[in-house]
Structures are given as C-alpha cells and as structure tokens.
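Working notes, beginning with the structure itself.
All values reported here derive from a predicted model rather than from experimental measurement.
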Amino acid sequence: MEFSAQQIADFLNGEITGNPQVKVSGFSKIEEATPGTLSFLSNDKYLHHLYTTEASIVLINKAFELKEPVKSTLIRVDDAYASLALLLSLVEKNKPHKTGREDPSFIASSAKVPEETYIGAFTYIGENVTVGKNVRIYPQSFIGNHVSIGDHCIIYPGVKIYDNTKIGNHCIIHAGAVIASDGFGFAPEGEVYRKIPQIGIVEIEDDVEIGANATIDRATMGKTVIRKGVKLDNLVHIAHNVEVGENTVMAAQVGIAGSTKIGKHCMFGGQVGVSGHIEVSDNVQLGAQAGVPNSVKSEAVLLGTPAINARDFARSSAVFKNLPELQRTVTLLQREFEASKNK
Amino acid sequence: MEFSAQQIADFLNGEITGNPQVKVSGFSKIEEATPGTLSFLSNDKYLHHLYTTEASIVLINKAFELKEPVKSTLIRVDDAYASLALLLSLVEKNKPHKTGREDPSFIASSAKVPEETYIGAFTYIGENVTVGKNVRIYPQSFIGNHVSIGDHCIIYPGVKIYDNTKIGNHCIIHAGAVIASDGFGFAPEGEVYRKIPQIGIVEIEDDVEIGANATIDRATMGKTVIRKGVKLDNLVHIAHNVEVGENTVMAAQVGIAGSTKIGKHCMFGGQVGVSGHIEVSDNVQLGAQAGVPNSVKSEAVLLGTPAINARDFARSSAVFKNLPELQRTVTLLQREFEASKNK
Amino acid sequence: MEFSAQQIADFLNGEITGNPQVKVSGFSKIEEATPGTLSFLSNDKYLHHLYTTEASIVLINKAFELKEPVKSTLIRVDDAYASLALLLSLVEKNKPHKTGREDPSFIASSAKVPEETYIGAFTYIGENVTVGKNVRIYPQSFIGNHVSIGDHCIIYPGVKIYDNTKIGNHCIIHAGAVIASDGFGFAPEGEVYRKIPQIGIVEIEDDVEIGANATIDRATMGKTVIRKGVKLDNLVHIAHNVEVGENTVMAAQVGIAGSTKIGKHCMFGGQVGVSGHIEVSDNVQLGAQAGVPNSVKSEAVLLGTPAINARDFARSSAVFKNLPELQRTVTLLQREFEASKNK
C-alpha cells in the first residue's frame with residue numbers, strides 16, 4: 001500500500017515542506033533509508049543524516065530549524081517519535097492475524113475461551129481459565145488453572161503462566177516469560193532451608209508489556225502487582241510481593257527483590273538492582289547498573305552502587321579514576337609537612 | 001477447611017494467648033489480613049501492624065513482648081516463620097495433584113516412568129529416562145535421553161533438561177529453567193573460535209530448588225554439581241564445572257563463572273557475579289551486585305566490585321560520595337602549604 | 001572405541017613421549033582422570049596435577065618443560081586446548097543423531113524443510129520457513145513465519161524464533177533462547193507510553209552460538225545483526241538494532257542496549273552492560289560487571305562502572321578500600337596545618 005505525504009500529513013495533523021505528492025510504501029531508519037520510504041528524526045545523534053538521507057519523507061519536530069536544504073519531503077509534527085509510533089501502530093493493526101485453534105492444543109473443558117481466539121499448536125489451557133476477546137495465544141504457551149486474561153492481549157510462544165494469575169486488557173507478554181512462579185521464600189531450620197509454599201498470586205493490570213524470558217514471581221501471600229502501563233524489558237526479574245507502580249519502565253535485566261514497592265513513572269536502566277522490603281518513590285530514575293539498598297523517599301536521578309545522586313556519582317567517579325594520584329599527593333604533603341615541622 | 005487456634009497450637013507445640021476457639025480457613029499478610037485468616041510476624045518492619053491487624057490468629061515468636069493489647073489470638077512458637085512454613089507445607093501437601101499422562105505427550109519406549117507420574121501434555125521424555133515415585137512433570141517440558149529424576153520432584157512447565165543429567169529427590173525446577181546446556185567453551189584458532197564439545201554432565205542432589213529461567217551448564221568433562229539443599233532463584237546462571245556447596249542460597253540473576261567451587265551455607269544477594277576457576281569458602285555472604293574476582297579463603301561478608309569486607313565497603317562508599325570535596329581540600333591544603341613554605 | 005597414543009599423535013601431528021601403544025577410550029579432566037582416558041594441560045593452575053594424574057595420555061604444549069617424571073604418555077602439540085577441541089569435535093561428529101520428524105509436530109505446508117531434517121515432537125514450523133541441510137530442530141521449538149535457517153544448524157529444545165529471522169550456517173542456539181522478540185521501544189505520550197511496533201528483523205550470520213535463555217530483539221526498523229563467529233553465553237540480552245561484530249565473545253548475563261555497535265574480536269566478561277546508541281571498537285575487552293556509558297574509540301581493556309582502563313581501575317580500587325583512612329589523614333593534616341599557622 002502506498003500513501004502520499006499529503007495523506008500522511010493530514011492523518012498526523014502535520015505540516016508539509018516539499019512535495020506533497022511523493023509516495024511511500026514502507027518505513028526506514030534515516031541513515032539507511034531508500035527512496036519510497038518514510039523515515040523520522042527524533043534523536044539529535046542522527047541529525048547529520050537528515051541532509052543526505054534518501055528517504056522520500058521524513059517526520060520531524062515542528063520546532064526543528066533546518067541548517068541546509070534537504071531532498072526529502074518533511075512532515076512537521078509536534079513529536080516525530082510519537083507520530084511514527086502512531087503510523088506504525090496503524091500498519092500493525094491492519095495486518096491480518098490468525099484466529100481459531102491449531103491442532104493439537106490442550107484446552108480444559110472448563111476453560112472459557114472464545115471460538116475465534118487464536119490458540120497456537122501445543123498450547124495448554126488449564127481448568128477454569130477465562131480469555132477475553134481478540135486475544136492471541138501463540139504456540140507452546142502454558143496457561144495454568146484459574147488464570148484470567150483480558151481483552152486484546154498477545155501471549156507469544158512459550159510463555160508460562162502459573163495458576164490463578166490475573167491479566168488485564170491490552171497486555172503483551174513475550175516469548176519465554178514466566179509469570180507467577182514461586183517466590184524465593186525459605187525458612188532456615190538449622191543447617192537447611194524449609195520451603196515456604198507461595199500461596200499468593202500475580203496480578204497484571206492493563207497495557208502492560210513484559211519482555212522475553214522475564215520472570216515475575218507469585219506472592220508468598222497476597223499478590224505481586226504490576227500496575228497499568230508498566231513496561232518491563234527482557235530478562236527482568238520481579239520478586240514476590242513486589243508492586244510496580246503505573247507507567248514505570250524497566251530496561252533489560254533489572255531485578256527487584258521481594259516486597260519492594262516501586263512508584264509510578266519510574267525509569268530504570270539496564271541491570272539495575274533494588275533491594276527487598278523498601279519503597280522507591282514516584283518518578284525516580286535509576287541509571288544502568290545502579291544498586292538501591294534503601295528506600296528512595298522522593299523524585300531523584302540516581303546512579304552507582306549504593307545509588308547516589310547521578311551528578312555526584314559522575315563527579316566522584318572522575319576523582320575515583322585518579323585516586324592513586326590523590327593518595328600520593330596526600331602522602332607527599334604529609335611527609336613535607338612533617339619535614340617542615342622538624343625544621 | 002477450618003482449624004481452631006487450639007488445633008494449630010497443638011500441632012505447632014505453641015502457646016495460646018487469647019481465644020483458643022477462634023477458627024481460620026486461610027492465610028494472610030499481617031498488613032492486609034481479614035478475619036478468619038491466620039497471619040504471622042517475623043520481620044520487625046511489620047511490627048506496628050500487629051496492634052491493628054484483623055487476622056484472627058497471629059503466629060509470633062515466644063520471645064516477643066507485647067507493648068499494647070492485641071485483638072488477635074496469638075500463638076507463640078519458637079520461630080514464627082518456620083512454623084508458618086510448616087503449616088503452609090501441610091496445606092500444600094494435602095492439595096490434590098494431577099496424576100497420569102495427558103495427551104499428547106511423547107515418552108520414549110525405553111523410558112521408565114511410573115504409570116501414575118503426572119506427565120503434562122506436550123512433554124517430551126527421551127530414551128532411557130528414569131523417573132522416581134511421586135513426580136510431577138508439567139506440560140511442555142523436555143527431558144533428554146538418559147536423564148534420571150529421583151522421587152518427589154516437581155518439574156514445572158517448559159523446563160529443558162539435556163541428556164545425561166542426574167536429579168536427586170525432592171527437587172523443584174521452575175518453568176523455563178535450562179539444565180545441562182553446553183558450557184561456554186571455545187579454543188581460539190587464529191581469528192575464530194573452535195567450539196569445545198561439552199561432554200560432561202550436570203548432577204543435582206536432593207532438596208534443590210531452581211528458579212524460573214535459570215540456566216545450569218553441563219561440564220566440559222566431569223560434572224557440574226549442585227549439592228544437597230541448594231536454592232537458586234530465577235535467572236541464575238551456573239557455568240560449566242562449577243560446584244555449589246550444600247545449602248547455599250543464591251538470589252535472582254547471580255552468575256557463577258566456569259570451574260569455580262562455592263562452599264556450603266553461602267548466601268549470595270541478587271546480581272552477584274563470581275569469576276571462574278576460584279574457590280569461595282563456606283558461609284560466605286555476598287551482598288547484592290558484589291563481584292568476586294579472586295578466591296575467598298574464609299567465612300566473610302563482602303560487598304562491592306571487587307568485593308571487600310562489607311563494613312569497609314560501606315565506609316568507603318560514604319567517602320566516595322564526597323570525593324570531589326576531599327580532592328578540593330587536598331588541593332587547597334597543598335596550595336596553602338606551598339604558600340607558607342615560600343613565606 | 002579405543003585409540004592408541006600413536007594414532008592420536010598421528011592425527012594431531014604431535015610428538016609422543018612415553019609408550020605409543022597405550023590406549024584410551026574416553027576423555028577426563030587431569031585432576032580426576034582414570035586410566036584409559038586422555039586428558040590435557042592448558043591452564044597453569046592445573047599444572048601440579050600433571051605429575052600425579054592417572055590419565056593414560058595427556059595432551060600438552062610443545063613448549064612445556066617437565067620438572068619431574070610423569071606416568072602418562074604425553075602427546076606434545078602446538079596448542080593442547082585446540083587439539084583437545086579437535087579430538088572432541090571428531091568424536092561429536094561421529095555420534096549418531098536423529099533424523100526425520102517426530103509426531104506430533106506442526107509444519108506449515110508452505111515450509112521448505114528437507115525430509116531428513118530432525119524435527120522434534122511439539123515443534124512448530126511456520127509459513128514459508130526454509131531450512132538448509134543437516135539441521136536438527138529439537139522438540140518444542142517455535143520457528144515463526146518466513147524464517148530462514150542455513151545448513152548444519154542445531155536448534156535446541158524450546159527455542160523461540162519470531163517471524164522473518166535469518167540464520168546462517170553452522171549456528172547453534174541453546175534451549176529457551178528467544179530470537180527477534182520486539183525491541184523495547186515506546187514513545188511517551190503524556191503520562192503513558194505508546195508502543196512503537198518493531199518492524200525490523202534479526203539477522204544471524206554463520207558460526208554463531210547463542211546460549212540458553214538468551215534474548216536477541218528484532219530491530220525497530222532495519223535489522224539487529226549478529227556477525228559471523230559471534231559466541232553469546234546464557235542469558236545474554238541484545239537489544240534492538242544492535243550490531244555485534246565478527247568473532248566477538250560475550251559471557252553470561254551481558255546486556256547490550258539499543259542501537260549500539262560492537263566491534264570485532266571483543267571479549268566481554270559476565271554481567272557487562274553497554275549503553276545504547278554508542279560504538280565499541282574492535283578488540284575491546286571488558287572485565288566482568290563493567291558498565292560502558294560512552295563509545296570506546298580504540299582497542300582497550302576496561303573495568304568498572306563507568307568503565308575505565310583496567311589497571312587504573314585495579315589501582316583506584318586498592319585506594320578505595322582505604323578511603324576512610326585517606327580522609328582521616330587529610331583531616332588531621334588540615335588540622336595540624338591550621339594549628340601550625342596559628343603558632
């Protein structure tokens with residue numbers, strides 16, 4: 001399918017600079033674009049490609065000022081990245097998707113699954129499962145007993161969801177993710193550890209996306225909660241009884257220890273670790289690999305282990321690099337001072 | 001099923017304060033308990049909830065002294081957390097569990113699997129596999145050729161166990177865990193790496209629990225060994241030829257590099273990394289995100305990368321935060337000293 | 001099967017010291033070798049075992065000088081580890097492997113899969129998949145639509161490969177790995193995040209090995225590329241639009257953030273993290289747990305977060321341990337200096 005710059009600009013409520021009749025049939029990255037594709041500029045790192053790109057159309061922010069002439073037709077919008085997302089979503093939504101059941105699959109007779117739901121081959125649906133409308137469950141997934149899945153969800157291949165989990169609407173769970181495995185709870189008994197059976201559940205609210213091979217443990221008692229709009233990247237670990245606040249985003253390989261409560265709108269970089277039984281306030285940003293041992297009481301940008309104010313961390317790290325020199329200076333000063341005293 | 005405080009106290013050999021006739025039919029966390037449930041207090045962080053909880057019964061340590069009156073019936077025991085574990089285990093044990101084979105599953109004709117073993121749909125059991133009594137193997141698991149599994153084991157959905165692995169009794173392996181994949185062994189040959197085929201095995205002793213999506217690699221030669229009572233959390237990585245000592249506990253996302261030997265009763269926090277070809281003594285505790293480059297010769301509590309004594313790490317981290325100030329002080333002192341010399 | 005030292009030496013072009021008629025039928029580690037096995041010495045840490053080992057044959061580097069007599073027959077070669085790899089590969093190659101399709105499996109009618117390809121039970125092969133010769137796809141794997149797999153590949157159980165992925169020849173993908181799941185891309189829209197559909201692909205070149213439960217995300221647009229000869233260990237995460245250069249090796253739990261370009265022949269230790277949108281030059285070595293926030297412009301050996309020259313890191317870490325003492329020294333010096341001024 002082809003669309004003209006005019007059609008796209010009308011749809012996005014954008015302003016055209018250049019030829020409104022030029023047509024595109026696909027998307028491209030600005031640095032490797034070919035004619036007939038639409039690209040975008042949102043990260044200044046890629047700015048220099050704007051003047052050489054072969055893209056027929058480039059989405060760009062209204063505020064942007066050209067320094068040189070460009071070959072492409074520009075569509076100026078409030079937020080180029082958001083507009084791109086909108087266009088891509090539209091294309092995605094119009095793709096045809098499978099419906100119905102592939103053989104063989106295992107669906108317990110007590111499960112309530114609409115006829116048109118895509119159930120991939122080798123998928124297992126347990127007792128009393130309920131599935132909403134417009135859901136796709138890819139092959140080899142496991143949906144335990146009494147799990148409920150809302151509307152418009154996508155469960156990718158090989159996802160494993162243990163019993164009693166509740167999943168909201170518009171959720172996406174990527175391949176290999178494990179939801180509601182046992183929390184890591186043991187009571188020491190002399191030399192050995194006695195397992196604490198984990199009888200709680202996991203509840204995932206609407207609009208949550210969970211990355212490939214991520215793990216979210218069920219609560220010891222009560223529930224582990226992933227609030228509305230949360231996005232978790234691949235290989236993230238969420239321990240038992242954790243609560244992750246609305247619209248919080250965690251990059252790959254982050255780990256949150258048990259019973260910790262994370263606020264809303266937080267952003268955690270990759271490989272961040274947060275200790276158990278603490279609270280992290282709303283809007284907290286943790287840089288990659290940060291380690292948080294204690295509660296974070298208010299909005300902050302933190303880095304390092306133990307995590308401190310990010311600017312302080314950067315400054316201290318600069319000194320860290322020269323610590324041997326600092327130490328030599330102090331030793332020398334000490335020696336000279338002693339010598340001067342003895343004079 | 002309902003139980004009275006008296007029945008529970010008798011079972012736990014505990015002492016009742018309050019009404020021994022009050023009955024409960026479920027468990028709850030102390031901060032969100034409802035009447036008719038039993039709760040527990042073992043972490044002082046939750047102490048203030050004791051005086052307001054709606055739980056009908058609270059398990060509590062004998063040593064605990066009340067500061068205010070409580071509404072709940074208390075059952076005093078030596079270790080509230082261990083008693084809770086005992087009660088929960090009892091409930092768990094009495095739950096009905098599936099037995100027998102779900103269709104379709106794949107069981108090699110040479111495999112020795114008791115008729116009553118639960119084999120979930122889409123599970124694959126290879127040649128010459130042996131399975132003990134009272135084992136449950138959930139759907140979509142893969143048990144390679146010549147694998148042996150002891151008695152009373154639970155293999156959750158989608159676990160993948162490569163050929164020749166030995167698993168003891170009372171082991172639990174959570175969804176998506178991979179046991180005995182190839183160790184990461186390559187010999188450099190000019191510019192490229194030649195794969196070293198990994199012909200060793202993995203041996204897992206009794207009472208081991210392995211978390212969701214954890215990975216344990218087979219040995220190059222010989223074996224990777226997980227000793228009795230070890231508990232590994234989600235996404236833990238154990239490399240080839242590692243030995244993990246009895247009753248050692250590792251939190252999520254820990255990684256142990258090849259040929260390292262970890263002692264007994266160690267406790268590793270989340271995201272800890274331990275280098276290859278070293279030894280870590282018994283009873284070593286590593287705080288979250290610690291990195292251990294060299295052998296740890298005796299019992300210790302370590303933190304940081306490279307890991308040092310935890311108290312030293314805490315103190316040094318406090319100074320780290322103020323390094324720029326320390327450097328300024330030194331520079332100033334140096335300048336002043338120079339000036340004073342020149343006077 | 002048995003081989004004599006003479007046969008093995010002829011094959012490896014090695015020189016024999018000792019009895020050339022001694023025979024072996026298996027491999028062993030030098031420290032736990034039994035008679036009738038062949039062992040090797042390549043790491044000096046294990047040197048002392050040479051003089052006591054029960055191995056009938058030991059592969060050893062030509063350059064090695066004996067300090068004491070040994071019982072074993074020695075075969076001296078240029079590189080003992082590479083020779084071992086060669087022998088093991090030979091044994092591996094001659095093992096019989098399954099061919100053909102196990103029931104039930106799901107193979108779309110448009111897929112082009114040679115009759116003799118091993119397709120394990122419960123494996124799913126989507127539309128228009130093409131598979132080369134001599135490929136093994138173990139049970140419970142998922143091969144999405146339009147995926148191409150070259151010759152001589154091994155796909156272990158439960159691997160999930162999303163649509164449109166291209167895989168070269170001689171690739172090995174271990175159990176549970178997820179290839180081409182969606183990149184982690186969202187556009188903020190007020191309080192919430194709008195998903196950016198990820199329409200790019202993953203391309204994996206020849207001779208790549210990918211560890212268990214590793215994840216490689218598809219590109220937003222364009223492709224995520226894993227070049228020839230790359231080896232990725234378990235639980236590694238490669239984000240969207242990353243390019244990993246030829247023969248680069250990453251140990252377990254490494255994470256590479258989006259759009260970063262990693263050079264050739266790099267070696268990354270376990271749990272390393274690399275930020276997004278940067279470049280890491282060829283031949284860069286990153287020690288375990290290093291965190292790289294900015295581009296690395298030339299060959300280097302780095303450690304720490306933020307990563308610095310490894311030797312500088314080691315020296316600074318030595319001072320870090322004594323920071324409280326350094327601070328006390330400075331405070332004291334300052335105080336004494338003030339006192340001396342006031343005299």
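Considering only heavy atoms from C-beta on, Glu338(B) comes within 4.5 Å of Glu336(A) through its side chain. Looking only at side-chain heavy atoms (C-beta outward), Tyr46(B) and His277(A) come within less than 4.5 Å of each other. Residues Leu332(A) and Gln334(B) have side chains not in contact (no heavy-atom distance under 4.5 Å, counting atoms from C-beta outward). Between Leu326(A) and Val330(B), some side-chain heavy-atom pair lies under the 4.5 Å cut-off. Using a 4.5 Å cut-off on side-chain heavy atoms (C-beta onward), Phe320(B) and Pro306(A) make no contact. Within the 4.5 Å cutoff, the side chain of Lys160(A) has no heavy atoms near those of the Tyr138(B) side chain. Residues Phe122(B) and Gln140(A) have side chains not in contact (no heavy-atom distance under 4.5 Å, counting atoms from C-beta outward). Contact check for Phe186(A) versus Val249(B): no side-chain heavy atoms found under the 4.5 Å cut-off.
The distance between the ring centers of Tyr156(B) and Tyr162(A) falls below 6.0 angstrom.
Taken from CG in Asn145(A) to NZ in Lys98(B), the straight-line distance is 5.5 Å, to the nearest 0.5 Å. A distance of 11.0 Å separates CG in Leu333(B) from OG1 in Thr329(A), rounded to the nearest 0.5 Å. Here Asn213(A) contributes atom CG and Asn213(B) contributes atom CG; the two are 4.5 Å apart, rounded to the nearest 0.5 Å. Separation of atoms CD (Gln327(B)) and OG (Ser316(A)) is listed at 10.0 Å; rounding is to 0.5 Å.
Contacts from residues 104-111 of chain A to chain B, taken as heavy-atom pairs separated by less than 4.5 Å, involve Pro104(A), Ser105(A), Phe106(A) in sequence order. The stretch residues 233-242 of chain A places Leu235(A), Val236(A), His237(A), Asn241(A) near chain B, each with some heavy atom under 4.5 Å from a heavy atom of that chain. Among residues 81-89 of chain B, the residues having any heavy atom closer than 4.5 Å to a heavy atom of chain A are, in sequence order, Tyr81(B), Ala82(B), Leu84(B), Ala85(B), Leu86(B), Leu88(B), Ser89(B). Contact residues of residues 173-182 of chain A toward chain B are Gly176(A), Val178(A), Ser181(A), Asp182(A) (heavy-atom distance under 4.5 Å).
Contacts of Lys231(B) with chain A are made by both backbone and side-chain atoms, with heavy-atom separations under 4.5 Å. Contact of Lys93(B) with chain A is not made at all, since no heavy-atom distance falls under 4.5 Å. Contact annotation for Ala290(A): only backbone heavy atoms (N, CA, C, O) come within less than 4.5 Å of a heavy atom of chain B. Heavy atoms of Val274(A) lying under 4.5 Å from chain B are absent altogether. Only the backbone of Thr123(A) comes within contact range of chain B, judged by heavy atoms closer than 4.5 Å. Of the two parts of Ala318(A), neither the backbone nor the side chain holds a non-hydrogen atom closer than 4.5 Å to a non-hydrogen atom of chain B. For Met267(B), the part lying near chain A is the side chain, with the backbone staying farther off; criterion is any non-hydrogen pair under 4.5 Å. Heavy atoms of Val272(A) lying under 4.5 Å from chain B belong exclusively to its backbone. Asp207(B) does not touch chain A: none of its heavy atoms, backbone or side chain, sits under 4.5 Å away. Only the side chain of Glu209(B) comes within less than 4.5 Å of a heavy atom of chain A; its backbone N, CA, C and O stay farther away.
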What do the steps show when you test Ile278(A) against Lys45(B) for side-chain contact (heavy atoms from CB on, under 4.5 Å), and what is the final call?
CA-CA 10 Å; Ile278(A) 65 173; Lys45(B) 280 204 181 180; 4.3 Å; yes
Determine whether Met221(A) and Phe40(B) satisfy the following criterion, side-chain contact (heavy atoms from CB on, under 4.5 Å), listing intermediate values before the conclusion.
CA-CA 11 Å; Met221(A) 294 173 193; Phe40(B) 70 106; 4.0 Å; yes
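Nearest heavy atom pair, residue Arg315(A) against residue Pro324(B), reads CB-CG, 3.7 Å. A pairwise comparison of heavy atoms in Phe313(B) and Thr305(A) identifies CZ-O, 3.5 Å as the closest pair.
Atom NZ of Lys223(A) is surrounded by 12 or fewer heavy atoms from other residues, nucleotides or ligands within 6.0 Å. No more than 12 heavy atoms of other residues, nucleotides or ligands lie within 6.0 Å of CD in Glu325(B), so this atom counts as exposed by the packing criterion. Remark: Asn13(B) CG is loosely packed, at most 12 non-hydrogen atoms of other residues, nucleotides or ligands lying under 6.0 Å away.
Here Pro197(A) is the residue among Gly185(A), Gly200(A), Gly255(A), Pro197(A) with the most heavy-atom pairs under 4.5 Å with chain B. Of the listed residues (Glu189(A), Glu191(A), Gln271(A), Arg194(A)), the one with the most heavy-atom contacts under 4.5 Å to chain B is Glu191(A). Your options are Gly26(B), Ser28(B), Gly270(B), Gly229(B), and the one with the most heavy-atom pairs under 4.5 Å with chain A is Ser28(B). Most heavy-atom pairs under 4.5 Å with chain A: of the set Lys321(B), Glu32(B), Gln253(B), this distinction falls to Gln253(B).
Side chain to side chain, Tyr193(A) and His265(B) fail the donor-acceptor criterion of an N or O pair below 3.5 Å.
Remark: side-chain polar atoms of Glu92(B) are not paired, donor with acceptor, to backbone N or O of Ile199(A) under 3.5 angstrom.
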